[in-house]
Amino acid sequence: MRKPMMAGNWKMNMTVAEALTLTRQINQLVGDSTAVEMLLCPPSVCLHPLKALTSDMPFSLGAQNCHWQDSGAFTGEISPPMLRGLAGYVIFGHSERRQLFGETDETVNKKTHAALAHQLTPIVCVGESLEQNERGETSSTITSQVRAALDGLNGEQVQSLVIAYEPIWAIGTGRAATAQTAGEICGLVRNILREVHGAAVAGTTRVLYGGSTKPDNIGSIMQQPDIDGALIGGASLEAHSYADMVKITAELYGA
Ligand code: PGA
């Protein structure tokens, strides 16, 4: 049984004060529902104060990135040991990091190994560009990104992590993939896991969809059997829309 996840990727938004306010607002709206894992991924400076605030709230916390080394001369970076105790999850390979900050399949793989070694759960993002999509290269792009990101991991490690399919053309554009397409590509991701690690691993690993999800489309997306949740950008910055997405998902899962 894969627990559905609504993961809010706040990106470079929210001061500490704003993050505390938003989290309190969300908490009031969602009640203490446990049917859906509610993951908040604020800027890393907000993790410590949010950890303290959410000690009796039903939220998980995640970072948006970290380095693969434990420490050293890497100005501006944070490391997996620094996140331990503050975050349970960490996002890797988001297309914004790939496009704007030089993230590659190789660094995503190194970071994924490092996070797992420090008991952090990676959320590995993959997704094709508009050009790749139009050239009919979606499947080959996703296949090579997934294989490269998970290279060298064993089945148990793959089972514990989360993969997010985020077509680049759908991120922040208001143009989500159709539920059917999103479901098919998440199914493709699961097939790759099955080929490499077998059915038990493929059946346990959570696969999310991300890209212009909102209350209006989350129901049809979450009805896809291979989709276990959403990585939500814009709509996670507004308490009501995030809480509505959690509630719609909880209802679909019969809670
Ligand atoms: P969006 O962002 O929901 O604003 O499209 C999704 C993401 O980048 O994770």
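In each ligand, atom 1 is the first atom listed, and ligand 1 is the first ligand listed. Only a predicted model underlies this, so the values are computations on that prediction, with no experimental measurement involved.
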- Query: Would you call Arg190 and Asp228 a salt bridge, taking side-chain N to carboxylate O under 4.0 Å as the test?
  - Reply: yes

- Could you tell me whether Lys214 and Asp244 make a salt bridge, using a distance below 4.0 angstrom between a side-chain N and a carboxylate O? no

- Query: Would you call Glu128 and Arg135 a salt bridge, using N to O less than 4.0 angstrom?
  - Reply: no

- Message: I need the contact residues for ligand 1: any residue with a non-hydrogen atom closer than 4.0 Å to the ligand, ordered by chain then number.
- Response: Asn9, Lys11, His94, Glu166, Ala170, Ile171, Gly172, Gly211, Ser212, Leu231, Ile232, Gly233, Gly234

- Message: Between Thr23 and Phe59, is the side chain to side chain contact (heavy atoms under 4.5 Å, CB included) condition met? List the steps.
- Response: CA-CA 9 Å; Thr23 304; Phe59 302 117; 3.9 Å; yes

- Task: May I ask whether Met38 and Tyr209 are part of the same hydrophobic cluster, defined by side-chain heavy atoms of I, L, V, M, F, W, Y residues being less than 4.5 angstrom apart, directly or through others?
- Result: yes

- Matching residue for Val189 among Thr205, Leu208, Ile163 - test: side-chain contact (heavy atoms from CB on, under 4.5 Å): Ile163

